[in-house]
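Residues take their numbers from the sequence shown, with the count starting at 1. Side chains included, hydrogens not; waters and symmetry mates left out as well; all remaining heavy atoms used.
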Amino acid sequence: MSTARIQPLEAPYDPAVQAAFDKVMPPGVPPLKLFRSMAHNPRVLQRLIAGGLLDPGSISLREREVLILRTTARCGAEYEWGVHVAFFAERAGFSAEQVADSCSERPEPSLWSAAELALMELADGLNRSARVEEGLWQRLASHFSDAQLIECLTLVGFYHAVSFVVNGTGVEREAGVPRFPR
């Protein structure tokens with residue numbers, strides 16, 4: 001029995017939808033259930049893909065993934081957290097302990113750099129109140145430029161929105177993708 005509220009589309013896809021999938025999926029990898037579910041509204045799918053921040057940006061892959069894992073964990077978006085663990089955790093250099101700790105109530109300081117801890121606190125604060133306290137802002141500014149801070153804020157907001165979609169639609173887990181640590 002499926003728990004998905006919106007069933008992912010199956011191939012063959014409309015050419016415009018296939019073109020959108022081709023922009024975000026590696027060659028030979030089928031489109032994720034999230035994208036196939038969002039393809040019910042091709043305009044929104046295309047806007048999501050166009051607004052994605054998975055390209056090389058002003059922050060490192062590791063910093064980007066710290067923000068994404070923490071944001072999706074705080075939002076309870078196990079689907080998206082697991083996809084990012086599966087696709088990016090190894091490339092970002094995360095240990096198994098760090099992956100698990102990304103879901104903890106309070107991160108273990110010995111596992112993370114000062115900058116990474118500040119990024120996790122940023123994700124937590126924005127999730128909690130949609131604000132950044134001045135002391136945290138000063139810590140972040142000691143590690144990141146203004147351009148990087150804009151990217152960090154936008155990443156947290158973007159993955160908040162993605163979390164709303166996966167949780168709201170009930171997108172089912174991808175095969176072989178990890179779950180939150182218990």
Student: Under 3.5 Å, which donor-acceptor pairs link side chains of residues 82-89 to any protein atom two or more places apart or in another chain?
Tutor:
{"unit_1": "H84", "atom_1": "ND1", "unit_2": "E65", "atom_2": "OE1", "d": "2.8"}
{"unit_1": "H84", "atom_1": "ND1", "unit_2": "E65", "atom_2": "OE2", "d": "3.2"}
{"unit_1": "H84", "atom_1": "NE2", "unit_2": "E80", "atom_2": "OE2", "d": "3.1"}

Student: For the atom pair CD (E10) and CZ (R36), what is the distance rounded to the nearest 0.5 Å?
Tutor: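 The CD atom of E10 sits 4.5 Å away from the CZ atom of R36.
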
Student: Could you give the side-chain donor-acceptor pairs of residues 147-162 under 3.5 Å, partners two or more places apart or in another chain?
Tutor:
{"unit_1": "Q148", "atom_1": "OE1", "unit_2": "S145", "atom_2": "N", "d": "2.8"}
{"unit_1": "Q148", "atom_1": "OE1", "unit_2": "S145", "atom_2": "OG", "d": "3.4"}
{"unit_1": "Q148", "atom_1": "NE2", "unit_2": "S58", "atom_2": "O", "d": "2.7"}
{"unit_1": "E151", "atom_1": "OE1", "unit_2": "S58", "atom_2": "N", "d": "2.7"}
{"unit_1": "E151", "atom_1": "OE1", "unit_2": "S58", "atom_2": "OG", "d": "2.5"}
{"unit_1": "T154", "atom_1": "OG1", "unit_2": "I150", "atom_2": "O", "d": "2.8"}
{"unit_1": "H160", "atom_1": "NE2", "unit_2": "N127", "atom_2": "OD1", "d": "2.8"}

Student: Can you tell me if Q138 has over 12 outside heavy atoms packed within less than 6.0 Å of its CD?
Tutor: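 Counting other residues, nucleotides and ligands, CD of Q138 exceeds 12 neighbours.
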
Student: Checking Y13 side chain against A39 main chain: does a donor-acceptor pair fall under 3.5 Å?
Tutor: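 Between the backbone of A39 and the side chain of Y13 there is no qualifying donor-acceptor contact (under 3.5 Å).
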
Student: Who pairs with F144 by ring pair (Phe, Tyr, Trp, His ring centres under 6.0 Å), at least two apart in sequence or on another chain?
Tutor: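 Counting only residues at least two positions away or on another chain, F144 forms no ring pair (Phe, Tyr, Trp, His ring centres under 6.0 Å).
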
Student: Given salt bridge (charged side-chain N to carboxylate O under 4.0 Å, His left out), test E134 with R139 step by step and report yes or no.
Tutor: CA-CA 9 Å; E134 189 57 32; R139 284 196 311 283; over 6 Å; no

Student: I'd like to know if the side chain of Q98 and the backbone of L111 have a donor-acceptor N/O pair within less than 3.5 Å.
Tutor: yes

Student: Kindly compute the distance separating OG (S110) from CD (E97), expressed to the nearest 0.5 Å.
Tutor: 10.0 Å

Student: If you count every heavy atom of other residues, nucleotides or ligands that lies below 6.0 Å from E133 atom CD, does the total exceed 12?
Tutor: no

Student: Under 3.5 Å, is there a donor-acceptor pair between the side chain of R62 and the main chain of G93?
Tutor: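 Answer holds: yes.
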
Student: Applying salt bridge (charged side-chain N to carboxylate O under 4.0 Å, His left out), run through E78 and R182 and close with a yes or a no.
Tutor: CA-CA 12 Å; E78 185 175 55; R182 301 287 174 226; 3.0 Å; yes

